[in-house]
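The sequence lines fix the lettering, A, B, ..., with proteins before strands; numbering per chain opens at 1. Quick note: numbers below take in every heavy atom, side chains included, and nothing from hydrogens, waters or symmetry partners.
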Amino acid sequence: MTVLSIKDLNVTFSTEGGRLHALKDVSFDVPERRIVGVVGESGCGKSTLINAILGLLADNGRVDAGSITFEGEDLTRLGPARMQELRGQRISTVFQDPMGALNPVLSVGRQMRNIQYRSGRSRSEKDARSEAMLRQVRIPDAQAALARYPHEFSGGMRQRVAIAMALMMRPALLIADEPTTALDATLEVATIELLRELQQDIACSVLFISHHLGVIAELCDDVVVMYAGEVVERGTTRQVFHTPRHPYARRLLECDPARQSGRTRHLPTIPGEIPDLRQRPPGCVFATRCDQRVDACDKVPPDVAVETGHVARCVLAEAR
Amino acid sequence: MSRILEIRDVEVTFEVGPLMRRRSILGVAGVSFDLHSGETFAIVGESGSGKTTLACAINGLQGISAGSIRFDEHRIDTLGARSMKPLRRRMSMMFQDPVGSLSPRMKVGNLIAEPFRIHGIVDKNPSVEVPRLLSLVGLTPEFADRYPHQLSGGQARRVGVARAIALDPDLIIADEPTAGLDVSVQGEVLNLLNDLRERLGLAMIIITHNLHVVHHVADRMAVMYLGRFVEVGDTDEIFRAPRHPYTAALLSANPEPDPDKARDRIALPAEVPSLLARPAGCEFHSRCPWVAARCMSEVPEFVQSETRKVACHTPLEPGARPPELEVTQ
Ligand SMILES: Nc1ncnc2c1ncn2[C@@H]1O[C@H](COP(=O)(O)OP(=O)(O)OP(=O)(O)O)[C@@H](O)[C@H]1O
Ligand SMILES: Nc1ncnc2c1ncn2[C@@H]1O[C@H](COP(=O)(O)OP(=O)(O)O)[C@@H](O)[C@H]1O
Ligand code: SF4
Ligand code: SF4
Ligand SMILES: [Mg+2]
Ligand SMILES: [Mg+2]
């Protein structure tokens, strides 16, 4: 079963310099009970993708074509009221800065009670559930914690509280945008282990965005690699990390400082810039920076299924 | 190499809580270190461990409640805003959130020229300086006309670097200069900072959570816990043989980009103590897998041995594993 299925999604923003094509023909699935990681260069459209799913594109943005099917409904066709209903109940989010999700002037218990407003439970039932949820994310002394305010928790704890709140209503899909960026390595690892555990317990799917390739490798079942608004490669984490088939994916993995064996002052990079998304190149979007380009790259490359579930948008990718 | 910065026993106090129950906490609880020109010093540690506060204290944006800060042999923590100004332009700060720290209504060109205006520098012509600085950070002159929201994360970071080097500083303090950047852009920003350090002889303090980054860019590093340094030394040596248990746990947690890699981690309880209730004795004892009886009452001294300083009663031997591998959650 597929919880979220994105098909040929195209999103544009109107700008002074013309229409900016931020997502181009994006397709991938988030299967039931799987954690799908999204990686890619800053500005490649990860946040735009999330905003499109959540129906929260900026005023100058719109979905031009394609569909986002979530539990049988096409989210691109839903009205704001229905979207609002889905957000926080069926689809929930965790962001880098948990303070963004928490109201600084309300106690944590009050906020957790508010999330359950449609549950029909009594106040004490709601509080009991909140407490259980806090215990599940290992907040010590959960009952007392309900009375505390967000600023009274440390950064790592706050992120746990935000995760507890996001999973409170047992959503089908959790979208996590760099949720561990602000945490040190010990808390980062503890947080991803916790996410994995809760995901299995709640049986939800997760769309997980991170620049930390180590975290992606550790947590995710599948990976989607984006470049300049396109999905250039997708597959299982093993397929993509062990045998990347798109030149951009390969280079990205090579740039990870964690892969440099010796200590080096000069870190590898991918020379060149992302193309201007108002004037997309006619052929392969990576062509200006690709060290393997051939004449055929002047035409839009096909999505090649190199293996079951492993797809690369490159003329050099061949089925095995 | 000349000493550019001398930090001694610096403390920063915050008043917290409601008016009637006001209490003070130590955000920075006695930190000392030296920095020499041309050197890169990394500070790592828990979120909330006081890294940004320390950076702001060095920069004069945050008053200190004890200790001293000398910049190029001038005592700066006691200077008023006026006398600080000429020194302030010689140190610059790159903030954690690049886009948030750029004023949204100003174009990039103005943002880069802003430090000249703030410091009343008239002998530099912005129409020359702005393109020069943009090109130093690898951006074309067209970027001068863009607004911050029209920049990608990497571009915003470069604008931050351009602003930071505008006044030709001797010291750059970069707070999470690459958080939120993908690895290739991260490499570009770090290479850029490193080139500038070499070319201009800058000293640099880099605050980051990314240990892989620290390993590659920093000559020396400090590990911070609850507002104190618990270990300071040569980066390479610390990575080879961490001596403080918290450092060892941090390094063992560092996620590696290989889905099949065996992970041999030192697990720590996730509960970080509150600054309002600092643990007695060694402040790490509530999470330390090596905790012994004396750790709960005796404060370990910050002891220097050769090139390393460690605050632990029983510093680890190379490759030490926790006494009991089944660590409580
Ligand atoms: N203005 C303030 N008033 C009260 N407490 C503060 C203030 N600024 C910082 N603190 C507290 O001081 C401690 C250190 O904060 P600081 O922001 O310097 O940590 P940090 O290591 O930079 O964290 P992060 O990595 O999350 O940015 C924290 O416990 C924080 O809550
Ligand atoms: N409101 C907007 N108006 C114009 N361009 C936008 C807007 N939001 C995003 N973009 C552009 O869309 C592209 C993708 O941005 P974003 O989704 O923020 O990427 P990421 O999250 O990967 O950094 C970038 O080129 C960015 O400049
Ligand atoms: S299609 Fe051509 S230019 Fe594009 S990634 Fe493949 S080889 Fe490189
Ligand atoms: S002094 Fe004791 S509790 Fe503190 S770090 Fe060393 S062994 Fe652990
Ligand atoms: Mg983003
Ligand atoms: Mg900080």
Participant: I'd like to know which of B:Ala253, B:Ala249, B:Pro257 tops the heavy-atom pair count under 4.5 Å against chain A.
Facilitator: B:Pro257
Participant: When only pairs under 4.5 Å are counted, which of B:Gly187, B:Ser252, B:Pro273 shares the most heavy-atom pairs with chain A?
Facilitator: B:Gly187
Participant: Please flag which part of B:Leu250 lies under 4.5 Å from any non-hydrogen atom of chain A: side chain, backbone, both or neither.
Facilitator: both
Participant: Hey, could you give me the NZ/CG distance between A:Lys46 and B:Asp182, rounded to the nearest 0.5 Å?
Facilitator: 6.5 Å
Participant: Quick one, B:His209 and A:His212 - any side-chain contact, counting heavy atoms below 4.5 Å?
Facilitator: no
Participant: Report, as yes or no, whether the 6.0 Å neighbourhood of atom CD on A:Gln200 holds more than 12 heavy atoms from other residues, nucleotides or ligands.
Facilitator: yes
Participant: Using non-hydrogen atoms only, which part of B:Phe239 is less than 4.5 Å away from chain A: side chain, backbone, both, or neither?
Facilitator: neither
Participant: Got a second to check how far A:Leu213's CG is from B:Asp258's CG, nearest 0.5 Å?
Facilitator: 12.0 Å
Participant: Please classify the contact of A:Ile216 with chain B as side chain, backbone, both or neither, using a heavy-atom distance under 4.5 Å.
Facilitator: neither
Participant: Does CG belonging to A:Asp291 count more than 12 external heavy atoms closer than 6.0 Å?
Facilitator: yes
Participant: If we define contacts as heavy-atom pairs under 4.5 Å, which of B:Asp219, B:Thr235, B:Val213, B:Leu276 has the most with chain A?
Facilitator: B:Asp219
Participant: As an exercise: rank B:Thr40, B:Thr178, B:Asn254, B:Val183 by heavy-atom pairs under 4.5 Å with chain A and give me the winner.
Facilitator: B:Val183
Participant: In Å, rounded to the nearest 0.5 Å, how long is the span from NE2 of B:His216 to NE2 of A:His266?
Facilitator: 12.5 Å
Participant: Would you say B:Val185 and A:His211 make side-chain contact, with heavy atoms under 4.5 Å?
Facilitator: no
Participant: In terms of heavy-atom pairs under 4.5 Å with chain B, which of A:Met157, A:His242, A:Glu188 leads?
Facilitator: A:His242
Participant: In Å and rounded to the nearest 0.5 Å, what is the CG to CG distance from B:Leu192 to A:Leu267?
Facilitator: 12.0 Å
Participant: Could you tell me which residues in residues 251-259 of chain A have at least one non-hydrogen atom under 4.5 Å from a non-hydrogen atom of chain B, sorted by residue number?
Facilitator: A:Leu252, A:Cys255, A:Asp256, A:Pro257, A:Ala258, A:Arg259
Participant: I need the B:Gln155 CD to A:Ile274 CD1 distance, nearest 0.5 Å.
Facilitator: 8.0 Å
